[in-house]
Amino acid sequence: MSGPAAAGGSAAGSGPDPRVPVVTIDGPSGSGKGTVSRLLVRHLGWHLLDSGALYRLVAHAGTLAGLAPDDEPGHARLALQMHVLFDPDATGEERIWLADRDVTAALREEAAGAGASRVAVWPAVRSALLARQHAAARPPGLIADGRDMGTVVFPQAQLKIFLTASPEERAQRRYKQLKEKDSSVSLAALSREIAERDRRDATRPVAPLVPASDAIVLDSTALDAAAVTERVLAHGRARGLWGVVA
Ligand code: DC
């Protein structure tokens, strides 16, 4: 998600623009959905919705505002009102701004993911983020990355992918990603945190992490991101979502 449409929510309840094609990429942490979504965006020239970043932003904004960790209405208010901008820098690197603060690095930390998973169980926060997510569906199309993109946010999406990978492989991928920035990270601790996050995301009563009934389930354990992207492109091509060049 980039540009001014990301800055605020649109009118609540208006729903996504039905003329805009949407591809949803859902799955657990470390399944590769973020990497694959970005490869698809680059290939197709479509917009990206990184919905996990929105939940991370709510948790982070709550910490900055000094909210109590159990303050659901306070976090829901922030979800509605926070001023967010997804804006690449001069080198093309993604940057995320919360008001006038660059929070990109803070949002990548595992603590931000755990905070996001906690605020994501609250229905008030989920519904406060809905209009903002719908507003990301702009021509020529949207790649929506998250946990409930195909089930709740874009149930009418033309193509729904549910990406999985073994827990061991997912922990290894996250470890590699985090190790580049933080040498103190431990694989054992990370595996425990991922298992805990999986459990919380999959068992919450509202919008749990489950494949949509019409989703294509892809196991990426033995595939790299380019191979998964090629498979998604082939599924889209078979449905006439994009031309033979894509
Ligand atoms: O994809 P991620 O790791 O940035 O997501 C962080 C947390 O946000 C994840 O553990 C659960 C929550 N989340 C969600 O509940 N629904 C989404 N559509 C995206 C993320």
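Atoms within a ligand are numbered from 1 in the order they appear, just like the ligands themselves.
In the model, R200 has a side-chain atom that pairs as donor or acceptor with a side-chain atom of S117 under 3.5 Å.
D17 pairs by the salt bridge (charged side-chain N to carboxylate O under 4.0 Å, His left out) definition with R19, not counting sequence neighbours.
Between the side chain of R56 and the backbone N or O of L107, at least one donor-acceptor pair lies under 3.5 Å. A donor-acceptor contact shorter than 3.5 Å is absent between the side chain of D87 and the backbone of D89.
Using bins of under 30°, 30° to 60° and over 60° for the plane-to-plane angle, the ring pair W46/W242 lands in the perpendicular bin.
The number of heavy atoms from other shown groups lying within 6.0 Å of NZ (K179) is above 12.
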Enumerate the pairs of nitrogen or oxygen atoms, one from ligand 1 and one from the protein, separated by less than 3.5 angstrom; state names and distance to 0.1 Å.
| from | atom 1 | to | atom 2 | distance (Å) |
| --- | --- | --- | --- | --- |
| ligand 1 | 1 (O) | K33 | NZ | 3.1 |
| ligand 1 | 1 (O) | R147 | NH1 | 2.8 |
| ligand 1 | 3 (O) | R56 | NH2 | 2.9 |
| ligand 1 | 3 (O) | R197 | NH1 | 3.2 |
| ligand 1 | 4 (O) | R56 | NE | 2.6 |
| ligand 1 | 4 (O) | R56 | NH2 | 3.3 |
| ligand 1 | 10 (O) | R147 | NH2 | 3.4 |
| ligand 1 | 10 (O) | R197 | NH1 | 2.8 |
| ligand 1 | 10 (O) | D201 | OD2 | 2.8 |
| ligand 1 | 15 (O) | R126 | NH1 | 2.8 |
| ligand 1 | 15 (O) | R126 | NH2 | 3.4 |
| ligand 1 | 15 (O) | R204 | NH1 | 2.8 |
| ligand 1 | 15 (O) | R204 | NH2 | 3.0 |
| ligand 1 | 16 (N) | R126 | NH2 | 3.0 |
| ligand 1 | 18 (N) | S51 | OG | 3.0 |
| ligand 1 | 18 (N) | R147 | N | 3.1 |
| ligand 1 | 18 (N) | D148 | OD1 | 2.8 |

